[in-house]
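Down below is the structure, laid out as structure tokens.
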There are 2 protein chains.
Amino acid sequence: MHTSTALFTDHYELTMVDAALHAGTANRQSVFELFTRRLSGARRYGVVAGTGRLLEAIERFRFTDAELSFLQENKVVRPETIDWLANYRFSGDIWGYPEGETFFPGSPVLTVESTFAEGVLLETLALSMLNSDSAIATAASRMVNAAAGKPLAEMGSRRTGEHSAVAAARAAYIAGFNATSNLEAGRSYGVPTMGTAAHAFTLLHDTERDAFVAQVAALGIDTTLLVDTYDIEQGVRTAIEVAGTGLGAVRIDSGDLPVVVAKVRRLLDDLGATNTRITVTNDLDEHTVAALAASPVDSFGVGTSVVTGSGTPTMSMVYKLVARQDDDGAWVAVAKQSTGKASVGGRKSVRRAHNSRGVATAELIAVGDGPAGTAELAELHGRDVLVPLMIAGDVVPGYTGAEGIALAREQHRASIAELPHVAMSLTRGDPAIPTEYR
Amino acid sequence: MHTSTALFTDHYELTMVDAALHAGTANRQSVFELFTRRLSGARRYGVVAGTGRLLEAIERFRFTDAELSFLQENKVVRPETIDWLANYRFSGDIWGYPEGETFFPGSPVLTVESTFAEGVLLETLALSMLNSDSAIATAASRMVNAAAGKPLAEMGSRRTGEHSAVAAARAAYIAGFNATSNLEAGRSYGVPTMGTAAHAFTLLHDTERDAFVAQVAALGIDTTLLVDTYDIEQGVRTAIEVAGTGLGAVRIDSGDLPVVVAKVRRLLDDLGATNTRITVTNDLDEHTVAALAASPVDSFGVGTSVVTGSGTPTMSMVYKLVARQDDDGAWVAVAKQSTGKASVGGRKSVRRAHNSRGVATAELIAVGDGPAGTAELAELHGRDVLVPLMIAGDVVPGYTGAEGIALAREQHRASIAELPHVAMSLTRGDPAIPTEYR
């Protein structure tokens, strides 16, 4: 296990640094921007996630002897460049959308200002973290909207890589989920963890009753009993016989949920277990959650669909050089002209425009000034979006650790609240607000 | 950073162990099976990947003080269970499909034989690793088939979580990719790494020519020049002017590839650069790779689609208790009866049946005997599929580390070679061979 994050990087970042050092262009001041050209999955909005993880990872982006000897042995860069890498420490500024904020096509989610060599090295790491975490947060946010106030738990660890599972639990929590099944997410990020038993526990025992007795004996009557291993109706009856009418909840993991849930609620009520909750967990996504809105479900457990971004596992974010200084120190806006992949050059600031009722109406991007904003935009009704995340290589306090996660949850709640109603639509379509360049 | 893998685990695995210890059922000998009910994405076959990583992770599955204090502080289990966890070390047997092998619906990709408590704890970790790595290997294998012998490089790190990117590079390599952009995959797994420059490198310089001069000066004329930042035709001309006709390769990352590639090949030939190769990297997947089969492309770089499983980011594998002993030591086959999620109970062995020409004709699964095989199946033309991966808690040599990856690449090549031709179809459809239970 290595604690350095420096090799979560594409080979070509290193060869670019190598060639730029050789050419004397490595130290040109540069602006890289992380953004997406369109909202993947025709989502109505995106949700920024991964920022806090990224800031922490940049602090551990160091080429120690272990990394340098790999690069040397494999001749990834020339020997002179090894010395430069040994001293590498990002010393630039990073501005960006605070984690939890919503974003739209063209939104400069991160702006990295540093020398070319310092900034280009962060491309792969920044994209890995923000593309995957934001895709999950975006899917999760749609599910939270669909659940209309009922609690959601993330339980998809088994359907994504073991480390991505931890990041997914964190991203879903930022987007409004209430808990996760993943213990490492509990330890690393303080996300509340939950869970009681799988079908295997019932099958281990000679009868379903034995299993319920065993579970209640160890976990108490406030536990959740899984009632669909054999016959759901019999399972519910046995559950209440064993635990009494004070049973915390029953879980249903199969079947035609709207029908089954209604039956189980009636049965629980008939048995006197009127306070026993119903939780459902059968391959849910935002659409099936929405379809259960009118059912007497008390909470949802969502697995595969949230950790895989519900059909959209990446937000297609890119990391592009948008401006650099020339040899005289003058800023030059740059942009490639590749077919279908054009980008907008120049340093930018952003204001989320509001109407008189405080509803967001547009993502205004002013090209030419830096991220600290422009007087022109500041006069428009709305709010500035960009915040400084790192200054001269130091993380701005508040955006990392447990504090950062709490802030991101609040940021997300506030940002969603100001979006127009069309943002809540689960169908594919245009972004909820247009992006306008000034 | 923690080296223990024990918390890559769902909360409910721990509460099940807790309740089973309390009930006296935790030590019942049990058989868990990891399999999929159907091939996600209507693939014609699946490719097992992640096995070597899993075996290494099981060796690090230990509850040290750091894990135990988290569990204690959060009251995940009763205090008595903390002591049991402190001594946890998997001591059972694991049989399975060797990494790189193809699999089909019902194939027992892993069979875990141990006490209930020892085996149930591995559920989440095993599924996380095998579901994601196998989805990537399966997508990658289809791309390798589509490329018809031309080399493929994996370069999708930026479109998946930073750790998943490393696992993805490894999985794609097992399925026949030749290289990766990911440096950590080079260090951790010995996958060859490659890459030269992005558009940012061209934009950093005052002209495209300056950029090419800088790159060739540092990396030599055998490098790959990216020619589509501005105008491709001019880019190619400049590339050859700068590097000469001995230039290694040009890379094209945009445009209508079949048309552009043909033009660039003609231009390179006209300029005398007949040995300069063409590599393409524009959002490729198995379908676009296949569509370029007749084009003069020399190699492919594939990003997003391979690391996200090309529309199928998980293989929907599950981990189920299929047999256990009762209090008298007799084996009982078990299976839940949940609607649409029934499984086949019992211990199993597997034989890949062949016809007289050595072509695979069926996945034969014999229920009732253990994974070491049955005399009945052994007489059929074909080969046994299951191998022992761990015996009494010790990893069987050969399946981990660099040795395991080399073996998995060879296993994959051999397994694909014996599949019927329909397996190569890229369209959605039935599995290439049927699964038959005996």
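Chain naming here is simple, since letters A, B, ... match the order of the sequence lines and numbering starts at 1 in each. The analysis underlying the following values was restricted to heavy atoms, covering all of them including side chains, and did not include hydrogens, waters or symmetry mates.
Across L203(B), N131(B), L321(B), the residue that shares the most heavy-atom pairs under 4.5 angstrom with chain A is L203(B).
Residue Y12(A) comes nearest to G195(B) through the heavy atom pair CB-C, 3.6 Å, listed as atom of the first residue, atom of the second, then distance. For L219(B) against D18(A), the heavy-atom pair with the smallest separation is CD2-OD2, 3.9 Å. A19(A) and A218(B) get closest at one heavy-atom pair: CA-CB, 3.5 Å. The two residues R28(A) and L204(B) come nearest to each other via the heavy atoms NH1-O, 2.9 Å.
Ring-plane geometry between F8(B) and H163(A) is classed as perpendicular, the angle between the planes exceeding 60 degrees on a 0 to 90 degree scale with a lower cut at 30.
With a 4.5 angstrom heavy-atom cutoff, T193(A) touches chain B via backbone and side-chain atoms both. Heavy-atom distances place both the backbone and the side chain of F201(A) under 4.5 Å from chain B. The contact between M194(A) and chain B is made entirely by backbone atoms, counting heavy-atom distances below 4.5 Å.
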*asked:* Is there a side chain to side chain donor-acceptor pair (under 3.5 Å) between S164(A) and S164(B)? Walk through the geometry before answering.
replied: CA-CA 6 Å; S164(A) 286; S164(B) 286; 2.7 Å; yes
*For the pair R60(A) and E162(B), evaluate salt bridge (charged side-chain N to carboxylate O under 4.0 Å, His left out) and give the outcome as yes or no after the intermediate values.*
CA-CA 14 Å; R60(A) 292 188 285 117; E162(B) 71 282 11; over 6 Å; no
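R159(A) has its side chain out of reach of M317(B): every pair of non-hydrogen atoms, C-beta onward, lies at least 4.5 Å apart. Residues D10(A) and M155(B) fail the side-chain proximity criterion, which asks for heavy atoms closer than 4.5 Å.
Although no hydrogens or angles enter the test, the distance criterion places no donor-acceptor pair under 3.5 Å between the side chain of S181(A) and the main chain of H11(B). The backbone N or O of H205(B) lies less than 3.5 Å from a partner atom in the side chain of R324(A), making a donor-acceptor pair.
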